[in-house]
Amino acid sequence: MIEKYDHIKIEEKWSQIWEKDNIYCTPDDATSENKYYILPQLPYPSGSGLHVGHAEVYSACDIFARYKRMKGKKVLQVIGWDAFGLPAENYAIKNNVYPKVTTNDAIDNFRYQIKRMGVSVDWDREVGSHSPEYYKWTQWFFLLMYKRGLAYRKEQQVNWCPGCKTVLANEQVVDGCCERSGDKVEQKMMEQWYLKITEYADRLYDDLDKVDWPEETIKRQRDWIGRSEGINISYEVPGLDEKIKVFTTRPDTNFGATFIVCAPDSDFIIRNVEKFSEKEKVRKYMKSVKNKTELERMQEGKKKTGVFTGLYALNMLNNKRIPIYVGDFVLASVGTGNVVGVPGHDKRDFEFAKAVGAEIVRVVVGSDGDKSEITDVKKVQEAEGTMINSDFLDGLNINEATGKIMDYLVEKGWGERITNYKLRDWSVSRQRFWGAPIPMVFDQEGKPHPVPEKDLPVLLPDDVDFIPTGQSPLTYSKDFQTGVEKKYGESWRREVDTLDTFLCSSWYYYRYLDPRNDQAFASKEALEKWMPVDFYIGGPEHVTGHLLYSRFFTKVLYDAGYITFDEPFAVHRHQGTILGEDNRKMSKRWGNVINPTDVMDRNGADTLRIYEMFMGPLSDTKPWNTKGEKGVHKFLLKVWNLQKKVSESFESREQEIEINKLIKKVGEDIEDLSFNTAVAKSMEFTNFLVVEKEVKKSVWERFLKILSPFAPYMTEELWQKGGNSDSIHKEQWPEYDKKLIIEEKIIMAVQVNGKVRDKIEISAGEGQASVQKKALAQERIKKYVEGEPKKVIFVKDKIINLIV
RNA sequence: GCCGAGGUGGCGGAACUGGUAGACGCGUCGGACUCAAAAUCCGGUGAGCCUUAAAACUCGUGAGGGUUCGAUUCCCUCCCUCGGCACCA
């Protein structure tokens, strides 16, 4: 009799042994050739503990890590904590507990759960972004940016969350609301620190060609950067001593331009409003727009409004005078803040033309050949087409015309080719406590100076009142300013804002390489050896935030000469969302939250790992099913019970063939991240062994090996029970024999007129003549085929199709 | 509105470069074990038609069309779901 499968006992036992033997430490003999760096996204240690979504990422990464190790790679697998951030601080405000305390509790809990899952992490390299040893380097990165002219202070309209009482980056505003609290985000003028990510827009856009990321992720990031190639055209404005400049990507339609519209807050308007003959109306309009709240703008939707300035611009292409308007559909921050209106070929321009009564001219004919007047929004022609009413452009298609007129405008000195971006500089100041202090000090005149590197880290003080006032809580800390005057000068003060936590997570993958280094964020040797990350799993929600920022940081490091590569993540994949059993997002509100600890309690860590992989493809959104979880447990039970059939003397060619096929299939599936089918095949194999009388020992041992990345605990137990004294996790991935997995007999479908009518057994590689003869001899085929078929389609080893 | 991903049994999902659709698991039905239940084990299970049963046949991968000996897979049109962006000129 074999003993019962007691997952609790087995898992506790091996956890301790593995930890004692430190079997998952990063190998010393790693080189840049044989290394493999696996990175699960840095988790935020929330108070509610590990989520099944985290467990999915760690399972996938760990299976991959274990597989790579067995294939001879020197694996670095690590974990750390994105420990600063708003939830801990909000909790502190409510319950008056210091964030450091709650955060460290949460980390302890996460660490315990991840260890219990059997994730083969090198715990000596654990990092937390809230430790001074870590944020010293976050501050160092800020100073590096500052030294390179990439960090600057500017007063500007910022996104302000009234709930969190802090500024947000564009990336943290979702549908006009704060992504954390859900409050409607307001616009506010504030002086803030910015990082000049826009300087890297082109490289961030182009270098996406170098990485192996999901196509849609690359596309989304490019859309976010929003590069558009166009031209700035300057038009003379009679009666004004300056020209008006507009940005357009469609200069080909310029013969159809009938007006210009400026944003109410564009530089041109602000500078010249006094000179407008209609200045009263314009001022009134500017004021009314300014008073509009975000909400009112939303409600008004796309309704176009505007007023005439009294000025005209001269379109030098056709010497037409075109009126200049002010309209709030034009955004000051885009292009030059002024647009040229071509109502026949841009819906927004059409709507504006209708609203103010401007002329509409057709200059492009689409594929439908329609040359009629454009009288309705539906007729606005924005697609490909051929130029008309456009002088020397007539007859060209719009792309040729665009090139030609750009050259012409540039040559005449009327225009300048320009690239425009949607990407804005990254606002990094936060009026919150629980973050890394910005390492700057202000002198008597309020001029900022960087804190010298030797004075880092600027420590977060303890004497802080968390009640949000809109001022950073650090403003009220005495400790924080203590000694500043002595160190830097009379009435010098520290910057009291903290850094956006996305700065902490923009470089964490470097710290793992050399986590205890106090001379550098990581040594040159470590960086050279381990980077770039070979495999990175993270959520799709970070495409335009974290992933973009990390790439930016890496490029800055590259330019500063610290590293020799300029993309951090060679391969990146996303995990999908795991829904509750009711197909809704897991939430306390719905009471449908599945807790990984409960799963491990009832069925074990191995079941948790395998079930999460078996649910479906990694990147899919998929619902949890507790019954399915049980099915996986049953599978492990079957494997467990097989141990009694293992026999050293038993021989079986069939088992030999099947295990060889399985080794091939599981290996390939892991490489493709098709963990679900790898599990399915292992189940099939188990079902096959269940009906066997005995199991050949070497087949059994190879099976345990390929199952070990998925079920590290049970396979270790069975491995050592079977007489092995060292860990199964130090074993190599078994090789398969190509000759053995070639099918000898094939069941071939016989089709008549494309419909399957029968199946015959043939030997592999059998020729057409022989197969056809067999097929025609079948009783069921005879029913359909009288005499010779008209035509026969034969694909070797696949199909025979008889056409009658 | 635009962009992206995707629609396969009762459910989660399989299916190589076009070649036996529905692997594997769940559920369900029937059986074994049991005084009984749970657990476990064995067998059936896309729909329809017919039926005591079996065989056979027909239909089936969101809808409609096309290419092909053959389409879940390729092409066109449309519908729906999810995700992203949202006056970006």
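Quick caveat, the model's predicted, so the values are computed rather than measured. Every chain is numbered from 1 and lettered A, B, ... according to where its sequence line falls, protein lines coming before strand lines.
- Across all strands shown, B/G22 forms no Watson-Crick or G-U wobble pair with both distances under 3.5 Å.
- B/U45 and B/G27 make up a base pair, with Watson-Crick or G-U wobble contacts both under 3.5 Å.
- In a base pair of the Watson-Crick type (N1 to N3 plus N6-O4 or O6-N4) or a G-U wobble (N1-O2 and O6-N3), with each distance short of 3.5 Å, B/C33 is matched with no nucleotide.
- Across all strands shown, nothing is found opposite B/G60 as a Watson-Crick or G-U wobble partner with both distances under 3.5 Å.
- Candidate nucleotides B/C24, B/U20, B/A89 were compared by shortest atom distance to the side chain of A/N687, and B/C24 ranks first.
- Look at A/K634 and you'll find a side-chain N or O under 4.0 angstrom from OP1 or OP2 of B/C26.
- A distance of about 24 Å separates the P atoms of B/A32 and B/G46, rounded to the whole Å.
- Here A/I747 lies in heavy-atom contact (under 4.0 Å) with a base.
- Rounded to a whole Å, the CZ atom of A/R780 is 12 Å from the C1' atom of B/U20.
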| message | Using salt bridge (Lys or Arg N to Asp or Glu O under 4.0 Å), reason through A/K661 and A/E684 one step at a time and then give a plain yes or no. | response | CA-CA 12 Å; A/K661 280 194 206 161; A/E684 238 174 295; over 6 Å; no
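- Here A/S682 lies out of heavy-atom contact (under 4.0 Å) with every strand.
- For the P atoms, the distance linking B/A37 with B/G19 amounts to 48 Å, nearest Å.
- Residue A/D349 is classed as having no contact, given no heavy-atom separation below 4.0 Å to the nucleic acid.
- Straight-line distance between the P atoms of B/C11 and B/G18: roughly 29 Å, to the nearest whole Å.
- The same atom, P, is picked in B/G1 and in B/C50; the two are 47 Å apart, to the nearest Å.
- Rounded to whole Å, atom P of B/A89 lies 14 Å from atom CD1 of A/I418.
- Base engagement by A/K422 is indicated by at least one non-hydrogen atom pair under 4.0 Å involving a base atom.
- Counting any heavy atom pair closer than 4.0 Å across all strands shown, A/F794 reaches no nucleic acid atom.
- One finds a side-chain N or O of A/R757 lying less than 4.0 angstrom from the OP1 or OP2 phosphate oxygen of B/U58.
- What separates CG of A/D582 from P of B/G12 is a distance of 14 Å, to the nearest Å.
- The gap from the C1' atom of B/C29 to that of B/G10 amounts to 13 Å, rounded to the nearest Å.
- The same atom, C1', is picked in B/C79 and in B/A63; the two are 7 Å apart, to the nearest Å.
- Here the P atom of nucleotide B/A39 and the CG atom of A/N603 are 13 Å apart, to the nearest Å.
- A 4.5 Å side-chain heavy-atom check between A/I800 and A/M748 finds at least one atom pair inside the cut-off.
- Taking the six-membered ring where tryptophan is involved, the planes of A/W426 and A/Y549 are essentially parallel, since the angle between them stays under 30° and well short of 60°.
- For the residue pair A/N625 / A/Y611, no side-chain donor-acceptor distance below 3.5 Å is found, with atom types taken as modelled.
- Atom CD in A/E612 sits roughly 14 Å away from atom C1' in B/G12 (whole-Å rounding).
- Counting any heavy atom pair closer than 4.0 Å across all strands shown, A/K304 reaches a base atom.
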Is there any protein nitrogen or oxygen under 3.5 Å from a nitrogen or oxygen in nucleotides 67-69 of chain B, and what are the pairs?
| from | atom 1 | to | atom 2 | distance (Å) |
| --- | --- | --- | --- | --- |
| B/C69 | O2' | A/N801 | ND2 | 3.3 |
| B/C69 | O2 | A/N801 | ND2 | 2.4 |

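- Taking the ring axis of A/F329 as reference, the NZ or CZ atom of A/K304 stays within 45° of it and closer than 6.0 Å to the ring centre.
- One can place NE2 of A/H574 at 15 Å from C1' of B/C82, the figure rounded to the nearest angstrom.
- Across every strand in view, B/A55 sits unpaired, with no contact that passes the Watson-Crick or G-U test at under 3.5 angstrom.
- Look at B/G6: its glycosidic torsion is beyond 90° from 0, and that puts it in the anti range.
- Residue A/G631 is in sugar-phosphate contact alone, with no base atom involved, counting any heavy-atom pair closer than 4.0 Å across all strands shown.
- The side chain of A/E684 lies closest to B/A23, out of B/A23, B/C88, B/C16.
- Residues A/R227 and A/E229 come closest through the heavy atom pair NE-OE2, 3.8 Å.
- Atom P of B/U28 sits at a distance of 29 Å from the matching atom of B/C82, rounded to the whole Å.
- Using atom P as the reference point in both B/G22 and B/G30, the two lie 26 Å apart (nearest Å).
- Applying the 4.0 Å criterion to OP1 and OP2 of B/A89, one finds that A/Y421 has every side-chain N and O outside that range.
- Under the Watson-Crick or G-U wobble criterion, with both distances below 3.5 Å, B/C82 is paired with B/G4.
- Contact annotation: A/S228 side-chain N/O to B/A89 OP1/OP2 distance is under 4.0 Å.
- Taking the six-membered ring where the residue is Trp, the centroids of A/F614 and A/F635 are separated by 6.0 Å or more.
- Nearest heavy atoms, A/I269 versus A/C262: CG1-CB, 3.5 Å.
- Looking at heavy-atom distances under 4.0 Å, A/P540 makes no contact with the nucleic acid at all.
- Side-chain atoms of A/K681 and base atoms of B/C24 include no donor and acceptor less than 3.5 Å apart.
- Judged by Watson-Crick or G-U wobble contacts below 3.5 Å, the nucleotide B/U67 has no partner.
- Atom-to-atom distance recorded for A/I360:CD1 and A/F259:CZ is 8.5 Å, nearest 0.5 angstrom.
- A/K665 places its NZ atom 11 Å from the P atom of B/A14, with the value rounded to the nearest Å.
- OP1 and OP2 of B/C3 both lie 4.0 Å or more from every side-chain N or O belonging to A/R220.
- Residue contacts for A/V330: at a heavy-atom cut-off of 4.0 Å it reaches a base atom on one of the strands shown.
- Between the side chains of A/Q778 and A/R757, no donor-acceptor pair is found at a separation under 3.5 Å.
- Across all strands shown, A/K759 has heavy atoms under 4.0 Å from base atoms, whether or not it also approaches the sugar-phosphate.
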